[in-house]
Peer 1: 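Handing you this structure, nothing more for now.
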Amino acid sequence: MPPEPRTRSKHFEAKFYNLRATLDCGQAFRWLEHNDTWTGVIHGQWIQISNRQSGILVETTASSPKWDLIAGYFRFTEDIESITKAFPDDEHMTRAVSAYRGLRLLRQDPWECLASFILSSTKQIRHIRQIISKIAKHHGEEIPSLPGHDPAFTFPGPETLAKLSENALRELGMGYRAPYLRQTAQTIAAGKISLSEIGKLPYPKAKALLQQFAGVGPKIADCVLLFAYGKQQAFPIDVWVKRAINELYFAGQKPNKGTLENFAQTYFQPNSGYAQQYLFHYIRMMHTKGPQSNSPSSNL
DNA sequence: GCCCTACCTCTAAC
DNA sequence: AGTTAGAGGTAGG
């Protein structure tokens with residue numbers, strides 16, 4: 001038996017951090033929960049994370065943990081209360097905030113985030129997770145996890161995926177998204193578009209550049225801008241958010257595309273990106289559990 | 001520009 | 001238990 005890997009741990013102060021809402025609701029696809037403890041891999045490091053009094057405990061098997069990157073990923077220092085307080089003062093946002101108190105945005109690795117959302121089109125979250133897990137298992141590097149946990153793998157870089165055939169990607173179950181992912185990986189591996197440069201651009205230019213990648217349209221570009229680059233102007237409009245705006249703000253009369261986009265861009269400022277996440281979860285809950293269901297019982 | 005459809009595969013709902 | 005619609009869209013007509 002190999003010796004149990006040593007772990008390093010660190011406590012972070014963080015007021016209102018709802019791990020379930022943050023890690024399990026479709027902005028990231030690699031987190032697993034067991035007894036209120038979450039495990040995942042970020043920046044090549046296996047992480048275990050759980051709520052503690054007055055904060056968050058992070059443990060990792062990495063031999064020299066990159067705490068800065070870990071803290072950056074979780075955005076521990078973000079003042080979520082003042083962000084949600086600046087939301088529009090209407091009944092829907094008020095309900096969304098109370099149902100999902102402690103929901104945070106993450107700051108993910110741009111490549112993994114981009115690849116994940118290329119795979120997300122017309123897919124249920126469950127299946128997206130499945131595909132991403134397969135990619136890591138088959139083409140990532142194994143890294144140590146703790147006993148009792150599944151083997152852990154890094155998410156392979158663009159150079160690795162660029163070398164795979166379309167068929168090898170299709171074998172992972174991604175269907176017609178395979179050529180998109182392959183081409184995007186090749187574009188990055190060839191240095192034609194730099195992901196770190198995109199982060200330095202203002203929102204409109206960054207969005208336009210992201211849309212040059214195969215399989216990336218306005219929605220996926222906005223997801224990456226919000227979940228990886230932290231651009232608050234990004235407001236991904238998917239079927240759920242569109243449904244939410246139609247139902248809650250236009251009384252069910254569908255506004256045309258321009259009206260809806262304009263509303264999305266202006267009404268929720270200045271924290272539109274955060275507002276989008278709360279709205280997304282709120283409308284999904286309304287549809288899956290019924291409008292009566294009001295369960296704010298998240299662990300804070 | 002705007003609308004339409006094809007696209008893979010799997011899950012959830014009959 | 002088998003069948004089918006629909007799923008955090010995008011590209012190309």
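By convention in this document, chain letters (A, B, ...) are assigned in the order of the sequence lines, proteins followed by strands, and residues within each chain are numbered from 1. Predicted model only: the values in this text are computed from it and were never measured.
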Peer 1: Please tabulate, one pair per line, each protein N/O and nucleotide N/O from nucleotides 3-6 of chain B that are separated by under 3.5 Å, including the distance.
Peer 2:
none

Peer 1: Would you please classify the geometry between the A:W111 ring and the A:F155 ring as parallel, tilted or perpendicular, with 30° and 60° separating the classes?
Peer 2: tilted
Peer 1: Please check if the side chain of A:N51 supplies one atom and the backbone of A:Y17 the other of a donor-acceptor pair under 3.5 Å.
Peer 2: yes
Peer 1: Of all residues at least two apart in sequence or in a different chain, which pass the salt bridge (Lys or Arg N to Asp or Glu O under 4.0 Å) check with A:K231?
Peer 2: none
Peer 1: Between the protein and nucleotides 6-10 of chain C, which nitrogen or oxygen pairs are less than 3.5 angstrom apart?
Peer 2:
residue: C:dA7; atom: O3'; partner: A:K123; partner atom: O; Å: 3.4
residue: C:dA7; atom: N3; partner: A:T122; partner atom: O; Å: 3.2
residue: C:dG8; atom: OP1; partner: A:K123; partner atom: O; Å: 3.3
residue: C:dG8; atom: OP1; partner: A:I125; partner atom: N; Å: 3.3
residue: C:dG8; atom: N7; partner: A:G26; partner atom: O; Å: 3.3
residue: C:dG8; atom: O6; partner: A:C25; partner atom: O; Å: 3.1
residue: C:dG8; atom: O6; partner: A:G26; partner atom: O; Å: 2.5
residue: C:dG8; atom: O6; partner: A:Q27; partner atom: N; Å: 3.4
residue: C:dG8; atom: N2; partner: A:D238; partner atom: OD2; Å: 2.4
residue: C:dG8; atom: N2; partner: A:Q276; partner atom: NE2; Å: 3.0
residue: C:dG8; atom: N3; partner: A:D238; partner atom: OD2; Å: 2.6
residue: C:dG9; atom: OP2; partner: A:T122; partner atom: N; Å: 3.2
residue: C:dG9; atom: N2; partner: A:Y176; partner atom: OH; Å: 3.0
residue: C:dT10; atom: OP1; partner: A:G217; partner atom: N; Å: 2.8
residue: C:dT10; atom: OP1; partner: A:G217; partner atom: O; Å: 3.1
residue: C:dT10; atom: OP1; partner: A:K219; partner atom: N; Å: 3.4
residue: C:dT10; atom: OP1; partner: A:I220; partner atom: N; Å: 3.0

Peer 1: Step through the shown structure and confirm whether more than 12 heavy atoms of other residues, nucleotides or ligands are within 6.0 Å of CD on A:E141.
Peer 2: no
Peer 1: Does A:H138 have any ring-ring contact (aromatic ring centres under 6.0 Å, His included) partners at least two apart in sequence or in another chain, and if so, which?
Peer 2: none
Peer 1: Strictly distance-based, threshold 3.5 Å: is any side-chain N or O of A:T184 a donor or acceptor partner for the main-chain N or O of A:A214?
Peer 2: yes
Peer 1: What distance, rounded to whole Å, do you find between the two P atoms, one in B:dT5 and one in C:dA5?
Peer 2: 15 Å
Peer 1: Using modelled atom types and a 3.5 Å cut-off, is there a donor and acceptor pairing between side-chain atoms of A:Q232 and backbone atoms of A:G273?
Peer 2: yes
Peer 1: Using a 4.0 Å cut-off on heavy atoms, which residues in residues 129-139 of chain A reach DNA chain B? List them by number, or say none.
Peer 2: A:Q130
Peer 1: With C1' as the reference atom in both, quote the distance from B:dT11 to C:dA1 in angstrom, rounded to an integer.
Peer 2: 16 Å
Peer 1: On a whole-Å scale, what distance lies between the P atoms belonging to B:dC4 and C:dG8?
Peer 2: 22 Å
Peer 1: Between A:D90 and A:Y249, is there a side-chain donor-acceptor contact under 3.5 Å, judged purely by atom types and distance?
Peer 2: yes
Peer 1: Can you measure A:L172 atom CG to B:dC10 atom P for me and round it to whole angstrom units?
Peer 2: 11 Å
Peer 1: How are the rings of A:F268 and A:F263 set to each other: parallel, tilted or perpendicular (split at 30° and 60°)?
Peer 2: perpendicular
Peer 1: Check this for me: A:D79, atom CG, are more than 12 non-hydrogen atoms of other residues, nucleotides or ligands nearer than 6.0 Å?
Peer 2: yes
Peer 1: Taking atom C1' in both C:dG6 and B:dA6, what distance in whole Å separates the two?
Peer 2: 15 Å
Peer 1: Should A:E166 and A:R170 count as an ion pair when the cut-off is N to O under 4.0 Å?
Peer 2: yes
Peer 1: Check this for me, if you would: do A:K134 and A:E171 make a salt bridge, where the nitrogen-to-carboxylate-oxygen distance has to be below 4.0 angstrom?
Peer 2: no
Peer 1: Counting only N and O atoms by type, is there a donor-acceptor contact under 3.5 Å from the side chain of A:T154 to the main-chain atoms of A:P156?
Peer 2: no
Peer 1: Dot-bracket, 5' to 3', for DNA chain C please: Watson-Crick or G-U pairs under 3.5 Å, [ ] where pairs cross earlier ones, | where the partner sits on another strand, dots elsewhere.
Peer 2: .||||||.|||||
